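Note on naming: letters A, B, ... go to the chains in the order of the sequence lines (proteins, then strands), and numbering restarts at 1 for each one. In this text, all values refer to a predicted model and were calculated from it rather than measured experimentally.
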There are 2 protein chains.
Amino acid sequence: MLLKIDFNSDEAIYMQLRNQIIVGIATSEIRDGESLPSVRDLAETLGINMHTVNKSYALLRQEGYLKLDRRRGAVVSVSPDKMRATMEMLEEMKVVVAKGICRGITREEALQMVDEIYRYYGTEE
Amino acid sequence: MLLKIDFNSDEAIYMQLRNQIIVGIATSEIRDGESLPSVRDLAETLGINMHTVNKSYALLRQEGYLKLDRRRGAVVSVSPDKMRATMEMLEEMKVVVAKGICRGITREEALQMVDEIYRYYGTEE
DNA sequence: TTATTGTTACACTTCTGATAGAACAAATAT
DNA sequence: ATATTTGTTCTATCAGAAGTGTAACAATAA
């Protein structure tokens, strides 16, 4: 799985990492049960600090995407917690959609966009 | 239009304000050409600082949602810039959808969610 | 034992968010 | 014309987050 940091982005490094890993899980680039690189290895690979990677991992653990052993960054998509996930997704979606509406993006276009993302991520299998 | 600040939120105040105003424009609660309260009035109403409101307004202006006269915070949905808006929306949507997929939200559910938001915001008229 | 793992603690710098007071030019109201 | 209100800008302060760095710890694996 390819992880890449944009140092010119206004988005925090640990957040870029978190988001990319979430996308990786969604696209099955990282399978359930597989392990991520160690915090030190990944930090060196990306040219960032160990604690920054650790922060991403800790956040992903807290959010229920990872479970961490001592010697393995095991990936677990536990806590479906669908009700809460739906509420959170709704809140975020509201703002994204609102911005789109202001810019003239129609419902059909938005729906197609979501559909394409699901297709791109490969919901089948 | 009702604007409300959640002081316990981890989201920045000026960002909460920005998002709510964007939603307000999308839902036509604030019509094109209408004006927002003055930075000082709104600040006092919400119990926050003038500069915080000004930061929201300045950001909305920079992003092309507002145009500001001296004595009127005129609302203008200029710069459709649909191509750029689509790209931005796609990037944000990718993360939101990825999180949803990890939590077991299906394509159908996501599509319905977007559809309901459009319906709720009132795309007609 | 030795090396590597996630984790924690402390320190330091830089940046952002938020508040505050003051002042400015332009526009409105009286 | 005078006084007020507008967005805007400047300087300043404070708290917290982000990022880096060094060091150490307990648990696990080689």
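- The B:Tyr14 side chain lies nearest to C:dG17 when the options are C:dG17, D:dT8, C:dG6.
- An OP1 or OP2 oxygen of D:dT8 is reached within less than 4.0 angstrom by a side-chain nitrogen or oxygen of B:Arg61.
- Mapping B:Val39 and A:Ile13 onto DNA chain D by nearest heavy atom places B:Val39 at the nucleotide closer to the 5' end.
- The nearest whole Å value for the distance from the CD atom in A:Glu44 to the P atom in C:dT4 is 12 Å.
- Distance A:Asn49 CG to D:dA23 P: 14 Å, rounded to the nearest Å.
- In this structure, the CZ atom of B:Arg40 is 13 Å from the P atom of C:dA23, given to the nearest Å.
- Out of C:dT5, D:dT22, C:dA20, the shortest distance to the side chain of A:His51 is found at D:dT22.
- Minimum atom distance to the side chain of B:Ile48 is reached by C:dT19, of the listed C:dT19, D:dT8, D:dT20.
- Under 4.0 angstrom from either OP1 or OP2 of C:dT5 there lies at least one side-chain N or O belonging to A:Ser38.
- Remark: the A:Glu116 side chain and the A:Gln112 side chain contain an N/O donor-acceptor pair separated by less than 3.5 Å.
- Cation-pi geometry between B:Arg18 and B:Tyr57 is not met at under 6.0 angstrom from the ring centre and within 45 degrees of the axis.
- Atoms CG (A:Leu42) and C1' (C:dG6) sit 14 Å apart, rounded to a whole Å.
- Here A:Thr52 does not reach the OP1 or OP2 of D:dA18: none of its side-chain N or O atoms lies under 4.0 Å away.
- The side-chain heavy atoms of A:Leu59 and A:Met15, taken from C-beta on, include a pair separated by under 4.5 Å.
- Here the closest heavy-atom approach between residue B:Arg107 and residue A:Arg119 is recorded as NH1-N, 4.2 Å.
- If you measure from atom CG of A:Leu59 to atom P of D:dG19, you get 12 Å, rounded to the nearest angstrom.
- Screening A:Leu42, A:Val39, A:Asp41 for a side chain to side chain contact (heavy atoms under 4.5 Å, CB included) involving A:Met50 leaves a single residue, A:Val39.
- Here D:dC10 presents its P atom at 12 Å from CG of B:Asn54, a figure rounded to the nearest Å.
- When rounded to the nearest whole Å, the span between NZ of B:Lys55 and C1' of C:dA20 equals 15 Å.
- Between the P atom of D:dA24 and the CE atom of A:Met50 lies a distance of 13 Å, rounded to the nearest Å.
- Inter-residue side-chain proximity for A:Tyr14 and A:Asn54 is flagged as unmet; no heavy-atom pair is nearer than 4.5 Å.
- Taking the C1' atoms of five terminal pairs at each end of the helix from C:dT1-D:dA30 to C:dC24-D:dG7, the two resulting helix axes are inclined by 30°, rounded to 10°.
- Contact annotation: the side chain of A:Asn49 never approaches that of A:Ile13 to less than 4.5 Å [non-hydrogen atoms, C-beta and beyond].
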